[in-house]
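Taking it in order: structure first as structure tokens, then the write-up.
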Amino acid sequence: MNDDQVESLLTEFKARMSIYHSSEDDELKKMLQASYDAVNRMTGVSDIKNAQFKELVIERTRYVYNDQVEFFEDNFLSTIIGLSLQAYGEEDDDNG
């Protein structure tokens, strides 16, 4: 993710979590980047413009922020699988 994308996600995450200060911004950016990398690894998707992918990145970051990341994959498994299958189907369309 580039810096503009991280900033945009940071703004969305802070709004979602009702965070109105900037004292945690550097740590939140690290969490967002780690979540982006993790969701990319799980799904094979890397397009932050994809609404489901972006939602998963933000939700995983929420779990990390609340020290509950071990529950993320189980709670979002159907979305993770669905997005993976969608990405796999798009790959087949491109190659077919």
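Sequence positions, counted from 1, serve as the residue numbers for this chain.
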Within 6.0 Å of CG in Asp67, more than 12 heavy atoms from elsewhere | no
Does Asn50 reach the side chain of Leu83, with side-chain heavy atoms less than 4.5 Å apart?
-> yes
Side-chain donor or acceptor of Gln33 paired with backbone N/O of Lys30 under 3.5 Å = no
Just by modelled atom types, is the Asp4 backbone N or O under 3.5 Å from a matching donor or acceptor in the Ser8 side chain?
-> no
In terms of hydrophobic clusters joined by side-chain contacts under 4.5 Å, are Phe71 and Leu77 together?
-> no
Reported CG-to-CD1 distance for the pair Asp74 and Ile80, which is rounded to 0.5 angstrom | 9.0 Å
Would a distance-only check, ignoring hydrogens and angles, find a side-chain to backbone donor-acceptor pair under 3.5 Å from Asn66 to Arg62?
-> yes
Pairwise distance CD(Glu12) to OG1(Thr61) - rounded to 0.5 angstrom | 11.0 Å
Atom CZ in Arg60, atom CD in Gln68: separation rounded to 0.5 Å?
-> 13.0 Å
Just by modelled atom types, is the Met42 backbone N or O under 3.5 Å from a matching donor or acceptor in the Ser84 side chain?
-> yes
Would you say Lys14's side chain and His21's backbone share a donor-acceptor pair under 3.5 angstrom?
-> yes
May I ask you to test the Val45-Val39 pair for a side-chain heavy-atom distance under 4.5 Å?
-> no
Sub-3.5 Å donor-acceptor pair from the side chain of Tyr36 to the main-chain atoms of Ser46, do we have one?
-> yes
Is Asp47 salt-bridged to Lys54, cutoff N-O under 4.0 Å?
-> no
Quick one: does Phe13's side chain get under 4.5 Å of Leu9's, heavy atoms only?
-> no
Can you find a side-chain donor-acceptor pair between Glu70 and Tyr63 that sits under 3.5 Å?
-> no
Hphob cluster co-occupancy, Tyr20 + Leu32, side-chain heavy atoms under 4.5 angstrom | no
CG-CD distance between Leu10 and Glu24, expressed to the nearest 0.5 angstrom = 10.5 Å
With the side chain counted from C-beta on, respond yes when Phe72 and Ser35 share a heavy-atom pair under 4.5 Å apart, and no when they do not.
-> no
Lys/Arg-Asp/Glu bridge criterion (N-O < 4.0 Å) met for Arg16, Glu59 = yes
